S.K.: 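Dropping a structure here in structure tokens format, bear with me for questions.
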Amino acid sequence: MPPRPRVLGGGMTSRVVQYRRFGGPEVLEVTEREDPVPGAGQVRLAVRAAAVNPLDWKLRLGAMAKGDAPPEPRVPGFDVAGVVEAVGEGVTAFAVGDEVAGRSTGGAYAEKALADARALVAKPTAVSWETAASLPVVTTTAYRVLDLLGLGEGDHTGTTLVVDGASGGVGVYAVQLAVARGATVVGTAGPAHQEDVRALGATPVVYGDGLVDRVRAVAPQGVDVALETAGKGALRDLVELTGSPDKVITIADYPGSQELGVVFSSGGDPDEEARALTDALARVADGRYRTTAVVTYALDEAGRAQEDNQHGRVSGKLVLVP
Ligand SMILES: NC(=O)c1ccc[n+]([C@@H]2O[C@H](COP(=O)([O-])OP(=O)(O)OC[C@H]3O[C@@H](n4cnc5c(N)ncnc54)[C@H](OP(=O)(O)O)[C@@H]3O)[C@@H](O)[C@H]2O)c1
């Protein structure tokens, strides 16, 4: 790659992926910008890896916005792992040179990204950059929704949970955490991922029509609670299996949640998320968690990575490596 100019207006510059209007992957552009300056409570990271999540392309499509453009150019990406290279006022938890993972503020698809210090945790050296970047959104979501389902810390032997989308980013950690807490787990996945789900400690069933009967066949004791992570129309079946909308949570089917009276969970408490991510990284580092395969892309392949995620073309976690 030819050398790039490093000075625009006096500061150092670096590459970033951004979009100025909503739309397909073609709205993503790679551009050079001055390195962002961390505000109070923030750090700037030299990004080593940034993961792709479905929310990234949903936001790019403008699904949750009015109009045809964001108010300012927007940089996609929440999940980030990198090295602290500048600290803002009041930051005491991290120093320059620390290796961290967590959620960025203002976009992670970049060579340099900002993050609130409280949204970051230390990255164990045993965990690769790519894997560390793949964990924040999916693991903190998994921990939060298990708490909401009454499967928080403690022994849940005797409780049966169904995870719809058990082979997905959130699903694999929800399954493993619930199993570690003693629950019996039935996980739905496509035909190609049945053995992957079994390896996580769950009983796999194929998703789609007839789900209620297939789950009952492998869980004759009954289903206590259910988690819907795929947004593909299984919510009604999960209510039928548990007997009540109160025993089901969805993170992906907002219209279905409104129709059926199921809780739609989004967002979380930053301190709880930091605790969850720290625990997840420790379990990955010592082998208690199996991780999803990681597929890497360059920054200028961000559009292809988002398309691959949206259309389920590539299994595992998709990670940009700047
Ligand atoms: N509300 C929140 O806080 C929150 C947080 C994180 C994610 N999310 C949302 O949760 C969803 C999942 O995210 P993710 O990162 O886990 O996605 P992902 O890694 O792309 O996984 C999606 C999973 O859905 C499965 N799937 C495909 N068709 C299905 C069907 N008909 N029935 C059941 N499962 C099906 C796929 O299984 P196969 O590959 O085996 O076919 C795949 O494992 C996204 O919509 C995302 O936006 C919400």
Side-chain angles (χ1 to χ4, degrees), residues 50-61 63-64 76-79 103 131 133-149 162-177 186-200 202 204-212 214-215 226-238 241 248-258 262-270 272-273 276-277 280 290-295 305-319:
V52 173
N53 282 291
L55 185 58
D56 304 349
W57 48 260
K58 290 180 187 178
L59 290 171
R60 190 208 68 217
L61 285 165
M64 282 157 255
F78 298 94
D79 279 339
R103 288 198 197 216
T131 295
S134 77
L135 296 175
V137 166
V138 293
T139 58
T140 58
T141 302
Y143 281 66
R144 183 184 79 240
V145 291
L146 288 195
D147 281 351
L148 292 171
L149 286 168
V162 172
V163 175
D164 184 49
S167 57
V170 176
V172 294
Y173 295 102
V175 167
Q176 292 184 90
L177 187 58
V186 176
T188 82
H193 295 132
Q194 296 291 293
E195 289 316 307
D196 297 342
V197 170
R198 195 185 306 282
L200 302 173
V205 294
V206 176
Y207 49 59
D209 287 348
L211 182 65
V212 170
R214 283 194 296 283
V215 172
L227 168 61
E228 195 283 313
T229 76
K232 301 282 187 183
L235 217 44
R236 194 176 294 280
D237 286 349
L238 300 182
L241 282 163
V248 182
I249 296 222
T250 177
I251 59 166
D253 185 358
Y254 184 76
S257 73
Q258 299 303 292
V262 168
V263 168
F264 180 92
S265 169
S266 68
D269 173 73
E272 280 175 22
E273 291 193 343
L277 180 56
R290 296 171 77 100
T291 54
T292 19
V294 167
V295 182
Q306 290 191 342
E307 287 272 279
D308 286 348
N309 179 243
Q310 180 177 356
H311 300 296
R313 286 187 200 131
V314 175
S315 295
K317 249 345 241 190
L318 281 44
V319 173

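By convention here, the first residue in the shown sequence is residue 1. What you are looking at is a predicted structure, and each value in this text was computed from that prediction instead of being measured. Counting convention: from 1, in listed order, for ligands and their atoms alike.
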S.K.: Taking N or O atoms only and a 3.5 Å limit, does Val170 qualify as a polar contact for ligand 1?
M.R.: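 Yes, there is a polar N/O contact under 3.5 Å.
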
S.K.: Among protein heavy atoms, which lies nearest atom 48 (C) of ligand 1, and at what distance?
M.R.: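 The closest heavy atom on the protein side is Ile251 O, 3.1 Å.
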
S.K.: Do me a favour and list the nearest non-hydrogen protein atom to atom 19 (O) of ligand 1 with residue, atom name and distance?
M.R.: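 Of every protein heavy atom, Gly169 N, 2.8 Å lies nearest to atom 19 (O) of ligand 1.
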
S.K.: Would you say Ser266 has any N or O atom under 3.5 Å from an N or O of ligand 1, going by distance alone?
M.R.: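 For ligand 1, there is no N or O atom that lies under 3.5 Å from one belonging to Ser266.
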
S.K.: Locate the shortest heavy-atom distance separating Ser265 from Arg144; write the atom from each residue and the value.
M.R.: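 Residues Ser265 and Arg144, closest heavy atoms: OG-NE, 2.8 Å.
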
S.K.: Between Leu135 and Tyr173, what is the shortest heavy-atom contact and its length?
M.R.: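 Minimum heavy-atom contact is CD2-OH, 3.3 Å.
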
S.K.: Enumerate the atoms of ligand 1 whose separation from the nearest heavy atom of Asp164 is less than 4.0 angstrom.
M.R.: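 Counting from 1, the qualifying ligand atoms are 33 (C).
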
S.K.: Are the side chains of Val248 and Leu235 in touch, meaning some heavy atoms are under 4.5 Å apart?
M.R.: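 A side-chain contact exists here, since the closest heavy-atom pair is under 4.5 Å.
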
S.K.: Answer with yes or no whether Ser265 contacts ligand 1, where contact means a heavy atom under 4.0 Å from a ligand atom.
M.R.: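 Yes; Ser265 lies near enough to ligand 1 that a heavy-atom distance drops under 4.0 Å.
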
S.K.: Ignoring hydrogens, what is the shortest heavy-atom contact between Lys317 and Ala51? Give both atom names and the distance.
M.R.: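 Nearest pair, atom of Lys317 first, then Ala51: CE-CB, 4.1 Å.
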
S.K.: Measure across Val175 and Ala166 and return the closest heavy-atom pair with its distance rounded to 0.1 Å.
M.R.: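 Heavy atoms of Val175 and Ala166 come nearest at CG2-CB, 3.8 Å.
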
S.K.: When you compare ligand 1 with Gly190, is there at least one nitrogen or oxygen pair between them that comes in under 3.5 angstrom?
M.R.: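 Yes, there is a polar N/O contact under 3.5 Å.
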
S.K.: With heavy-atom distances below 4.0 Å as the criterion, list the atoms of ligand 1 near Val137.
M.R.: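 Taking each heavy atom of Val137 in turn, ligand 1 has 6 (C) under 4.0 Å.
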
S.K.: Give the atom numbers and elements of ligand 1 that come within less than 4.0 Å of a heavy atom of Arg144.
M.R.: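 Numbered from 1, ligand 1 contributes 2 (C), 3 (O).
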
S.K.: Would you mind telling me if ligand 1 is within reach of the side chain of Thr229, the backbone, both or neither, using heavy atoms under 4.0 Å?
M.R.: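 It is the backbone that gets close, since no side chain atom is under 4.0 Å.
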
S.K.: Suppose we measure from atom 32 (N) of ligand 1 to each protein heavy atom; which comes out shortest, and what is that distance?
M.R.: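 Protein heavy atom with the smallest distance to atom 32 (N) of ligand 1: Tyr207 CG, 3.2 Å.
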
S.K.: Please name the residue in the list Thr229, Leu238, Asp237 that meets the side chain to side chain contact (heavy atoms under 4.5 Å, CB included) test with Asp164.
M.R.: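 Considering Thr229, Leu238, Asp237, a side chain to side chain contact (heavy atoms under 4.5 Å, CB included) with Asp164 is found only for Leu238.
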
S.K.: Can you tell me the protein heavy atom closest to atom 13 (O) of ligand 1 and the distance?
M.R.: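 Protein heavy atom at minimum distance: Pro54 CG, 3.7 Å.
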
S.K.: Can you tell me which residue and heavy atom of the protein come closest to atom 21 (O) of ligand 1, and the distance to 0.1 Å?
M.R.: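 It is Gly168 CA, 3.3 Å.
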
S.K.: Return the closest protein heavy atom for atom 45 (O) of ligand 1 as residue, atom name and distance.
M.R.: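 Sorting protein heavy atoms by distance from atom 45 (O) of ligand 1 puts Lys58 NZ, 2.7 Å first.
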
S.K.: Under the side chain to side chain contact (heavy atoms under 4.5 Å, CB included) rule, what do Asp253 and Thr250 come out as? Steps first, then yes or no, please.
M.R.: CA-CA 6 Å; Asp253 185 358; Thr250 177; 3.7 Å; yes

S.K.: Just jot down the ligand 1 atoms closer than 4.0 angstrom to any heavy atom of Ala189, in number order.
M.R.: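 Near Ala189, the atoms of ligand 1 are 40 (O).
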
S.K.: What residue and heavy atom of the protein are closest to atom 36 (C) of ligand 1, and at what distance?
M.R.: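 That would be Ser167 OG, 4.1 Å.
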
S.K.: Assess the residue pair Leu59 and Phe78 against the criterion (side chain to side chain contact (heavy atoms under 4.5 Å, CB included)); give the C-alpha distance rounded to whole Å, side-chain angles, the decisive distance to 0.1 Å, and a yes or no.
M.R.: CA-CA 12 Å; Leu59 290 171; Phe78 298 94; 3.8 Å; yes

S.K.: Carefully, step by step, assess Leu55 and Val137 under the rule side chain to side chain contact (heavy atoms under 4.5 Å, CB included).
M.R.: CA-CA 10 Å; Leu55 185 58; Val137 166; over 6 Å; no

S.K.: Starting from atom 24 (O) of ligand 1, find the nearest protein heavy-atom neighbour and note its residue, name and distance.
M.R.: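 Nearest neighbour among protein heavy atoms for atom 24 (O) of ligand 1, to 0.1 Å: Ala230 CB, 3.8 Å.
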
S.K.: Of all the atoms in ligand 1, which lie at a distance below 4.0 Å from a heavy atom belonging to Asn309?
M.R.: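 With Asn309 as reference, the close atoms of ligand 1 come out as 20 (O).
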
S.K.: Can you list the steps and then say if Gln176 with Arg290 is a side chain to side chain contact (heavy atoms under 4.5 Å, CB included)?
M.R.: CA-CA 8 Å; Gln176 292 184 90; Arg290 296 171 77 100; 3.6 Å; yes

S.K.: Quick check on contacts: which atoms of ligand 1 are under 4.0 angstrom from a heavy atom of Ala252?
M.R.: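 Listed by number with element: 10 (O), 11 (C), 45 (O).
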
S.K.: Heavy atoms, side chains only, cut-off 4.5 Å: are Gln306 and Pro76 in contact?
M.R.: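 Result yes, sub-4.5 Å side-chain heavy-atom pair found.
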
S.K.: Please determine whether the number of non-hydrogen atoms from other residues, nucleotides or ligands lying under 6.0 Å from atom CZ of Arg214 exceeds 12.
M.R.: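 Yes, because the 6.0 Å sphere around CZ of Arg214 holds more than 12 heavy atoms from other groups.
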
S.K.: Considering distance alone, does some N or O of Lys317 sit under 3.5 Å from an N or O of ligand 1?
M.R.: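 No - when backbone and side-chain N and O of Lys317 are compared with those of ligand 1, no distance drops under 3.5 Å.
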
